[in-house]
Amino acid sequence: MKIVDVSKIPISDSNAVKDIAEKAGVNVKDCYQCGKCSAGCPMTQGMDAHPHKIIRFMQLDLLDEVLKSNTPWICASCNVCSARCPQNVDVANVMREARKASKAAGYQPFPDSDKFEEAFLANVRRFGRSHEAILAAQYNLTTGHLFQDVPNVPAMLSRGMISMKISKVKDQDSVRKIMKKTEKGAE
Ligand code: SF4
Ligand code: SF4
């Protein structure tokens with residue numbers, strides 16, 4: 001995996017924190033740091049700052065801390081944090097916007113994550129759902145890790161974790177329409 005030298009990231013302008021909050025549709029001042037978002041987050045183990053801390057950084061306008069944290073990149077977009085917040089702070093949306101801002105600033109701690117996203121979306125476009133075996137094959141091909149999952153395939157097949165049978169959703173057109181709509185909204 002490529003290691004990014006975070007010291008080379010340019011410092012962004014001071015309005016960028018407000019920009020992230022605005023795009024995420026949150027007022028970070030609503031947060032009173034109860035920590036409920038972090039307590040419910042399933043991904044904290046790999047994060048260098050828990051979700052409530054990212055909100056705290058934003059309250060203090062600590063842009064670099066937000067952009068250089070791996071937290072938005074580790075976030076699985078499960079929305080648990082947003083659902084648990086007693087103040088209706090959409091923490092998950094903050095993570096999405098922080099990830100975009102971080103990438104725009106040249107920080108990409110997990111360069112392969114874009115390739116995973118592309119392979120995942122291509123799968124959903126094609127089958128209306130994600131097909132794990134094809135997704136893994138596409139991802140491994142595009143990242144050059146050709147055989148990384150091969151030793152696990154027999155066990156995964158026998159436990160029903162993956163299947164070689166391709167199943168498509170019945171109403172693929174509706175899925176494509178939803179994807180078009182969301183892609184348009186993300187522009
Ligand atoms: S749950 Fe809401 S109020 Fe509590 S720390 Fe998280 S964002 Fe702040
Ligand atoms: S959306 Fe991200 S930050 Fe929020 S609980 Fe899920 S993984 Fe954690």
Side-chain angles (χ1 to χ4, degrees), residues 1-4 6 9 12 14-125 129-132 135-136 139 143 149 161-162 175 178-179 181-187:
M1 187 184 291
K2 195 178 148 200
I3 305 291
V4 177
V6 293
I9 295 170
S12 307
S14 57
N15 286 325
V17 169
K18 284 182 192 82
D19 197 44
I20 293 170
E22 248 174 56
K23 283 181 178 154
V26 303
N27 180 355
V28 287
K29 286 183 185 148
D30 287 342
C31 167
Y32 51 53
Q33 289 290 294
C34 67
K36 268 192 91 176
C37 49
S38 299
C41 175
M43 303 301 290
T44 49
Q45 214 173 2
M47 292 173 171
D48 54 20
H50 286 183
H52 73 285
K53 217 167 166 190
I54 296 295
I55 304 295
R56 186 66 183 144
F57 290 153
M58 291 178 67
Q59 288 174 331
L60 299 172
D61 278 336
L62 296 175
L63 178 67
D64 267 13
E65 305 292 337
V66 177
L67 296 188
K68 292 176 185 173
S69 167
N70 75 2
T71 300
W73 294 92
I74 298 277
C75 167
S77 298
C78 67
N79 282 344
V80 167
C81 48
S82 304
R84 284 173 65 95
C85 178
Q87 290 290 90
N88 290 323
V89 177
D90 195 343
V91 184
N93 230 6
V94 169
M95 295 299 164
R96 280 181 208 108
E97 291 307 326
R99 197 158 55 229
K100 283 189 213 160
S102 169
K103 192 172 172 184
Y107 184 49
Q108 169 57 295
F110 306 110
D112 289 349
S113 65
D114 282 349
K115 295 199 173 104
F116 183 86
E117 194 176 298
E118 277 160 28
F120 176 81
L121 292 176
N123 251 273
V124 178
R125 246 178 243 118
R129 64 179 291 267
S130 168
H131 192 284
E132 287 83 4
L135 174 64
Y139 174 71
T143 54
D149 297 318
M161 293 165 81
I162 56 169
V175 176
I178 293 168
M179 289 194 70
K181 230 178 176 178
T182 50
E183 278 162 2
K184 223 174 158 190
E187 280 166 11

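Note that these values count all heavy atoms, side chains included, but never hydrogens, waters or copies made by symmetry. The first residue in the sequence is number 1, and the count goes up from there. Ligands are counted one by one from 1 in listed order, and the atoms in each one are counted from 1 as well.
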Which atoms of ligand 2 sit under 4.0 Å from any heavy atom of [X]?
X	answer
Met43	7 (S)
Pro51	3 (S)
Ala92	1 (S)
Ala76	2 (Fe), 7 (S)
Cys78	1 (S), 5 (S), 6 (Fe), 7 (S)
Cys41	3 (S), 5 (S), 7 (S), 8 (Fe)

Measure from the side-chain N and O atoms of Asp30 to the backbone N and O of Gln87, and report whether any donor-acceptor pair falls under 3.5 Å.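 The answer is no, because no donor-acceptor pair under 3.5 Å joins these two groups.
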Checking Tyr107 side chain against Lys68 main chain: does a donor-acceptor pair fall under 3.5 Å?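 Yes, Tyr107 side chain to Lys68 backbone: donor-acceptor pair under 3.5 Å.
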Nearest protein heavy atom to [atom], by residue and atom, and its distance?
atom	result
atom 3 (S) of ligand 1	Tyr32 N, 3.6 Å
atom 4 (Fe) of ligand 1	Cys34 SG, 2.3 Å
atom 1 (S) of ligand 1	Cys37 N, 3.3 Å
atom 2 (Fe) of ligand 2	Cys75 SG, 2.4 Å

Working to the nearest 0.5 angstrom, can you tell me the gap between [X] [atom1] and [Y] [atom2]?
X	Y	atom1	atom2	value
Ile55	Leu60	CD1	CG	11.5 Å
His50	Gln45	NE2	CD	9.0 Å
Cys41	Ile74	SG	CD1	10.0 Å
Ile20	Ser102	CD1	OG	8.5 Å
Ser113	Lys103	OG	NZ	7.0 Å
Ile54	Thr71	CD1	OG1	4.0 Å

Taking only heavy atoms of [X], which atoms of ligand 1 are found under 4.0 Å from at least one of them?
X	answer
His52	5 (S)
Gln33	5 (S), 8 (Fe)
Cys31	3 (S), 5 (S), 7 (S), 8 (Fe)
Pro86	1 (S)
Cys85	1 (S), 2 (Fe), 3 (S), 7 (S)
Gly35	4 (Fe), 5 (S)

For ligand 2, does Ser77 get within less than 4.0 Å through its side chain, its backbone, both, or neither, judged by non-hydrogen atoms?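 Ser77 to ligand 2: backbone contact only, side chain stays beyond 4.0 Å.
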Where's the contact between Thr71 and ligand 2, heavy-atom distance under 4.0 Å: side chain, backbone, both or neither?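 No part of Thr71 comes within reach of ligand 2.
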Exercise: identify the closest heavy-atom pair between Asp48 and Ser69: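 Minimum heavy-atom separation between Asp48 and Ser69: OD1-OG, 2.7 Å.
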Minimum heavy-atom separation for Tyr139 and Lys115, please, with both atom names.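 Heavy-atom minimum between the residues: CD1-C, 4.2 Å.
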Side chains of Asn123 and Ser130: donor-acceptor distance under 3.5 Å anywhere?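 Judged by distance alone, the side chains do not pair up.
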Is the number of heavy atoms from other residues, nucleotides or ligands within 6.0 Å of CD (Glu117) greater than 12?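 Check fails, neighbour count at 12 or below.
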Quick one: do Lys100 and Glu97 make a salt bridge, cutoff under 4.0 Å?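 So Lys100 pairs with Glu97 through a salt bridge.
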Heteroatom test (N, O or S) for Cys81 near atom 6 (Fe) of ligand 1, limit 2.8 Å: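 No, outside the cut-off.
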Heavy-atom contact under 4.0 Å between Gly40 and ligand 2?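 In this structure, Gly40 fails to qualify as a contact of ligand 2 - no heavy atom is under 4.0 Å.
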Which part of Val91 is near ligand 1, with near meaning a heavy atom under 4.0 Å away: side chain, backbone, both or neither?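 It is the side chain that touches ligand 1; the backbone stays farther off.
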